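Report on one structure; see the data block that follows.
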Amino acid sequence: MKHSFSRLAAWIIFLLPTISLFAQQSQSWPNAITPEERNHIERIGFEQHATRGTETPPPGEALRTSAEWEEVEVLTISWTSFACIQKQIVAAAKEECLVIIFADNPSEVENYLTGTACGGALTLDNVQIVDTVYDTIWIRDYGANTVYGNWNDDRVLVDWIYNRPRPDDDAIPDVLAETIGLDLYSTTAEPNNIMNTGGNWMSDGFGTAFASELVLDENDGGSTWWTDYPDHTESEIDDIMAAFHGTDTYIKMPILPYDGIHHIDMHMKLLDESTLLVAEYPAGVADGPQINANMEYVLSNFTTRWGTPFNVVRIPSPPEQGFGGGYPDNNGWYLTYTNSVFVNNTLLLPTYYTEYDTTAMRIYEELLPGYNIVGIDCDDSGQSIISQGGAIHCITHTVGVEDPLIISHLPLTDTENTENDYMVEAYVSHRSGTESATLHWTLDLAGPWNDADMSLVDGSEEDWIASIPAQSLGSAVYYYVEAAANSGKTGARPMPAPEGWWSFDVAGPSVGVIEWSNDVLFTPAFPNPANAITCVPIELAHSANGTLSLVNALGQQVETIYEGEFAAGTSKFFFHAGNHSPGAYVILLELNGQGLWSERIMIR
């Protein structure tokens with residue numbers, strides 16, 4: 001259990017670089033730029049590296065950015081003073097892939113890994129230590145992403161301008177590209193210059209990417225104390241990302257008021273093409289209201305690659321323990337369980353203390369059956385990486401495999417059907433083509449598994465289908481898909497199958513009837529106070545025509561949020577509070593010309 005001086009100990013560790021006059025690069029700066037770092041840079045100065053890979057978009061058609069749950073060939077870290085945390089990462093990851101460690105003192109790193117500290121000696125099998133210089137530990141933010149040309153071939157790395165004045169960090173993608181023999185493409189020259197950061201980027205592997213509006217703020221032509229930002233409209237940003245990453249849908253959400261770095265990996269994670277794992281706070285606490293509004297915005301305006309709503313699963317964020325603790329709105333550290341990383345069949349999860357860790361571990365195990373969930377303490381005295389503004393995802397990056405075998409499937413949901421077969425469709429793609437696909441299913445995880453050959457859907461070369469026979473009420477059905485490429489490569493989804501699987505229940509019809517009253521029902525608009533995208537939920541017993549408006553303190557209508565037919569049931573409407581002056585407002589719902597409902601909201 002952590003003692004009450006954990007915060008003090010962490011600050012002592014943070015101040016060590018200042019005390020030593022920054023003589024040792026492996027003493028890492030926090031994720032955000034501190035006054036101490038700014039003072040150091042303004043005294044010492046810095047110079048960006050002149051060359052940053054190829055500054056035009058990757059060649060070929062059908063570019064595709066790898067999703068984080070896809071096959072991983074390399075995991076990378078930059079070694080710093082958080083040695084025990086990084087040794088645990090290496091110990092777990094090297095069982096799944098090659099681990100490349102960037103080190104400014106390779107012999108020191110080798111001695112620590114093979115020594116008895118922090119879990120005992122490791123072999124250096126599947127570990128490569130690269131002697132180079134860098135500034136910080138935050139390789140997710142300054143590392144490069146894996147992009148494929150022609151959909152699943154022609155692997156390259158793509159990098160952006162780093163949004164920190166840390167030139168040696170910004171050059172690490174060049175070192176990585178040279179180390180593993182890949183071409184690097186960079187958005188570092190006009191007209192394709194884009195500033196971005198890896199913690200504020202998530203790809204579904206099929207052309208949809210998520211970010212906070214930080215990417216708009218840092219490419220709007222403005223400036224900060226150390227640089228001028230690139231100057232692009234949102235449309236131009238979308239076009240550049242499409243040209244370098246193959247994105248066709250770039251979802252951007254308002255930044256959160258208490259997350260100082262505004263990176264989405266601090267509060268959400270894509271677990272697969274249809275599942276968003278999202279941080280949850282007690283009602284009205286910290287970033288909870290804005291996170292809720294952002295998710296409502298996503299659900300109301302975007303869908304998965306199949307055109308279905310995203311499945312949003314919430315995971316509680318813990319308050320900081322000990323001296324000065326609490327949630328971020330009370331100056332607590334930004335503890336997060338979404339800052340995890342996939343390494344093939346293993347998921348590395350940041351942990352903090354038992355009360356919340358057990359819940360987080362259970363949620364991940366239920367969502368990712370068969371995966372090896374490895375918890376790594378990120379708030380241990382002397383090794384409190386979370387006090388520096390990040391956790392496991394922030395200090396790791398990955399390189400996808402050369403020849404991915406893509407298997408994508410929208411999991412079946414629970415059903416009342418006991419008469420008709422359950423159709424399972426899967427998208428399978430490999431650069432050599434697909435030889436076969438097989439559906440495996442069972443009613444008992446102890447076995448045996450039943451096999452069904454999948455066949456191509458008429459007119460398709462990559463969509464496969466097979467069926468599971470109808471089952472009786474009360475049955476739980478488990479299944480997975482396996483495929484073989486013409487090259488001989490095989491794979492399964494979920495990746496750890498048969499230990500990993502999807503499942504659905506055959507259950508009876510739900511009981512209960514909703515009785516609508518004649519009144520308008522509502523959930524309060526959120527967040528309130530508001531300064532960004534704000535959600536207004538409305539429930540009606542019957543459909544009706546009307547207007548939903550925002551009215552100022554003088555009674556003047558300042559925005560029509562929605563006008564037209566309101567459907568019966570629950571609907572959600574949105575407005576951007578940042579477009580209006582701070583103050584008190586009223587949200588007014590008028591149906592058939594008559595005001596039926598109003599709510600006060602503060603804009604700050």
Side-chain angles (χ1 to χ4, degrees), residues 57-74 96-98 145-158 180-183 185 203-208 242 244-249 272-274 304-307 342 344-345 398-412 423-441 449-468 479-498 500-502:
E61 298 181 355
L63 294 180
R64 188 182 72 85
T65 300
S66 176
E68 293 185 22
W69 57 82
E70 292 186 37
E71 300 169 90
V72 170
E73 183 174 306
V74 178
E96 297 281 358
C97 69
L98 173 66
N145 296 295
T146 305
V147 173
Y148 297 100
N150 298 309
W151 195 244
N152 52 20
D153 202 355
D154 303 326
R155 179 181 56 163
V156 299
L157 298 175
V158 171
I180 61 178
L182 288 182
D183 292 333
Y185 292 83
S203 166
D204 76 341
F206 284 88
T208 294
F244 279 80
H245 285 276
T247 54
D248 51 41
T249 302
D272 55 37
E273 302 92 322
S274 60
T304 70
R305 60 173 297 258
W306 297 281
F342 283 98
N344 294 327
N345 296 319
T398 56
V399 179
V401 297
E402 180 184 6
D403 63 334
L405 175 57
I406 306 169
I407 303 175
S408 181
H409 166 68
L410 178 64
L412 300 183
M423 307 306 297
V424 176
E425 295 188 40
Y427 171 86
V428 183
S429 179
H430 187 266
R431 63 186 184 182
S432 71
T434 304
E435 178 181 318
S436 63
T438 306
L439 169 65
H440 304 270
W441 67 273
W449 288 85
N450 303 285
D451 303 336
D453 292 336
M454 304 185 79
S455 57
L456 283 168
V457 175
D458 290 345
S460 174
E461 297 181 354
E462 295 178 316
D463 296 308
W464 298 74
I465 191 168
S467 63
I468 299 171
Y479 68 102
Y480 66 93
V481 173
E482 186 176 25
N486 290 328
S487 67
K489 178 171 182 173
T490 61
R493 189 84 186 276
M495 194 179 292
W501 31 261
W502 296 294

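When a residue number appears, it is its place in the shown sequence, counting from 1. This one's a predicted model, so the numbers in the text were calculated from it and none came from an experiment.
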Does any part of the side chain of [Y], heavy atoms only, come nearer than 4.5 Å to the side chain of [X], both counted from C-beta?
X	Y	answer
P494	W69	no
L182	V399	yes
I406	Y427	yes
Y148	S66	yes
V424	W441	no
V481	W502	yes
D272	R493	yes
Y479	P411	yes

Starting at [atom1] of [X], measure out to [atom2] of [Y] and round the result to the nearest 0.5 Å.
X	Y	atom1	atom2	value
N145	L157	CG	CG	8.5 Å
L410	E273	CG	CD	9.0 Å
T434	L456	OG1	CG	8.0 Å
I407	W464	CD1	CH2	11.0 Å
E402	D154	CD	CG	9.5 Å

Would you check if the side chain of [X] reaches a backbone N or O of [Y] as a donor-acceptor pair within less than 3.5 Å?
X	Y	result
R155	G400	yes
N344	E96	yes
R64	G205	yes

Practice task
Examine the side chains of H430 and S432 and answer whether a donor and an acceptor come within less than 3.5 Å of each other.
Solution key: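 Short answer, yes.
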Practice task
Check the side chains of S429 and N152 for a donor-acceptor pair under 3.5 angstrom, ignoring hydrogens and angles.
Solution key: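 Yes - a donor-acceptor pair under 3.5 Å links their side chains.
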Considering all heavy atoms, the nearest [X]-[Y] contact:
X	Y	answer
E70	P404	OE1-CB, 4.4 Å
A242	L63	O-CD1, 4.4 Å
A492	A497	CB-CB, 4.0 Å
V72	V74	CG1-O, 3.4 Å
P57	F244	N-CZ, 3.5 Å
L405	A483	CD2-O, 3.7 Å

Practice task
Using the test side chain to side chain contact (heavy atoms under 4.5 Å, CB included), find all partners of I465 that sit at least two apart in sequence or belong to another chain.
Solution key: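 Side chain to side chain contact (heavy atoms under 4.5 Å, CB included) list for I465, sorted by chain: M423, E425, S455, V457.
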Problem - Among W501, W449, Y480, the one residue meeting ring-ring contact (aromatic ring centres under 6.0 Å, His included) with H440 - result: Y480
Exercise for the section: Quick one: list whatever passes side chain to side chain donor-acceptor pair (under 3.5 Å) with T208, sequence neighbours left out. Expected result: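 Residues passing side chain to side chain donor-acceptor pair (under 3.5 Å) with T208: none at all.
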Exercise for the section: Inspect the contact between D204 and R305 and indicate whether a charged nitrogen and a carboxylate oxygen are less than 4.0 angstrom apart. Expected result: no
